[in-house]
Amino acid sequence: MAVLISAVLPIALVALVGFVASVAAYDFVTGLLERNPVLGLTALILIGVFSVTLLAIAVKELAAFGRLKKLDTIHSDAQEAMATDDLKAARKVVVEIVALYKARPETEWGRARIAERQADVFDADGLLGLVETDLLDPLDKAARREVEAAARQVATVTAIVPLALADLIAALTANLRMIRRIAEIYGGRSGTLGNWRLTRSVLTHLVATGAVAVGDDLIGSVAGGGVLAKVSRRFGEGVVNGALTARVGVAAMEVCRPLPFRAVRRPSVTNLVKRALTGLFGGADKEG
């Protein structure tokens, strides 16, 4: 019952606000038409243009939610197929993934490879593993480059810019842009509301897996930041903030990727940070 109320309440609120706004606009336009037809017609045209624009934005947002929902569905279907070793379900997932990326030139070789070899694979893990290694590989590389770029940007701003809150603003904007770009790479382009929904999903995933990640992966990057902190506090903070950004990026990849990491190893935060910051703090690291 509580779930039903929480789902219906926002819809009812939006409907009520829309109804009140519509009645107010109708009264305003009809009253203005009676007093001055020219001004009334102008108001009517402006309201019409605003309504059409609002409708176009709503359609765009719904399409964005649809793309994100499709990725979620494929991801859950793939997990179920792997858990039950259901070859038929795995083949259905492969068809959906190939259709999802049929217009992407970077996946052309992978799609051809799958079409050539999938008939020779008779288990779900092997078939979906083939998709991971051959079809998703260029997308994974592009996503890793986005994570490295965001980590580099956050670390650089933290280390160089002395302004208060500059590192916080840089981290926030870089992380939001990185999450949106990773979603676009995996085929889940999101609008404004879709991006917030995606960010919430990434943060939820971080909460669910964060304890394990900090224990085995992030600690190496933080330790590197501690070495640099002996030379410069700002350099050390830059490495740590870059590592946190990389961790968010890995979570975004896990959320947006149509298949869970299984045949391909999940990107390591430590390796991503090393690649992102190679040469950036080289002098300080050498002195340390």
Side-chain angles (χ1 to χ4, degrees), residues 3-4 6-7 63-104 106-144 147 179 182-190 194 197-213 215-217 247-269:
V3 176
L4 180 61
S6 63
F65 275 109
R67 287 190 292 266
L68 294 176
K69 180 64 176 176
K70 185 175 182 61
L71 284 178
D72 289 343
T73 302
I74 294 175
H75 190 94
S76 60
D77 289 346
Q79 285 184 316
E80 185 177 353
M82 290 177 182
T84 59
D85 195 23
D86 189 339
L87 181 60
K88 184 178 180 180
R91 292 190 187 280
K92 181 182 177 183
V93 170
V94 171
V95 170
E96 292 175 346
I97 294 177
V98 170
L100 183 65
Y101 298 125
K102 64 181 179 180
R104 302 280 291 272
E106 65 268 35
T107 65
E108 182 178 358
W109 182 87
R111 285 184 279 115
R113 180 79 167 168
I114 291 170
E116 177 185 344
R117 296 187 55 194
Q118 66 175 338
D120 300 328
V121 181
F122 299 101
D123 64 286
D125 277 347
L127 184 59
L128 295 179
L130 182 66
V131 175
E132 275 197 87
T133 55
D134 292 348
L135 181 59
L136 296 184
D137 180 64
L139 306 182
D140 290 338
K141 290 178 179 177
R144 285 197 295 267
V147 176
I179 291 172
I182 290 174
E184 291 175 354
I185 288 170
Y186 287 117
R189 293 189 304 275
S190 58
R197 180 258 191 190
L198 181 61
T199 303
R200 186 181 64 181
S201 299
V202 172
L203 294 178
T204 302
H205 183 77
L206 275 174
V207 170
T209 62
V212 176
D216 63 6
D217 198 14
R247 182 65 193 94
V248 173
V250 172
M253 291 177 67
E254 291 178 313
V255 169
C256 299
R257 203 171 184 261
L259 292 179
F261 286 103
R262 190 151 177 168
V264 175
R265 187 176 180 180
R266 187 184 68 125
S268 164
V269 173

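Owing to the predicted nature of the structure, the values given are computational and were not obtained by experimental measurement.
Within the 4.5 Å cutoff, the side chain of Arg257 has no heavy atoms near those of the Arg266 side chain. Side-chain atoms of Pro138 and Arg104, non-hydrogen and from C-beta on, never get closer than 4.5 Å to each other. Counting heavy atoms from C-beta on, the side chains of Met253 and Tyr186 come closer than 4.5 Å. Under the 4.5 Å side-chain criterion, counting only non-hydrogen atoms from C-beta, Glu96 is not in contact with Thr73. Residues Leu128 and Val93 are in side-chain contact: their nearest non-hydrogen atoms beyond the backbone lie under 4.5 Å apart.
Rounded to the nearest 0.5 angstrom, Asp137 CG and Arg113 CZ are separated by 12.5 Å. Of the inter-residue distances, the one linking Glu254 atom CD with Ile182 atom CD1 reads 10.5 Å to the nearest 0.5 angstrom. In this structure, CZ in Arg144 is found 10.5 Å from CG in Leu139, a value given to the nearest 0.5 Å. Atom OG1 of Thr107 sits about 8.5 Å away from atom CD1 of Ile114, to the nearest 0.5 Å. The structure places CG of Asp85 at 10.5 Å from CG of Leu127, a figure rounded to the nearest 0.5 Å. Interatomic distance, Asp86 CG to Glu80 CD, rounded to the nearest 0.5 Å: 8.0 Å.
In this structure, Arg262 contributes its side chain and Asp125 its backbone to no donor-acceptor pair below 3.5 Å.
Annotation: side-chain contact (heavy atoms from CB on, under 4.5 Å) contacts of Ser76 (sequence neighbours excluded): none. Listed by chain and residue number, Lys70, Leu71, Ile74 satisfy the side-chain contact (heavy atoms from CB on, under 4.5 Å) test with Leu100 (two or more places apart in sequence, or in another chain).
Contact record, Ala81 with Ala90: CB-N, 3.9 Å, taken as the closest heavy-atom pair.
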Test side chain to side chain contact (heavy atoms under 4.5 Å, CB included) applied to Ile97 and Leu135, step by step
CA-CA 9 Å; Ile97 294 177; Leu135 181 59; 3.5 Å; yes
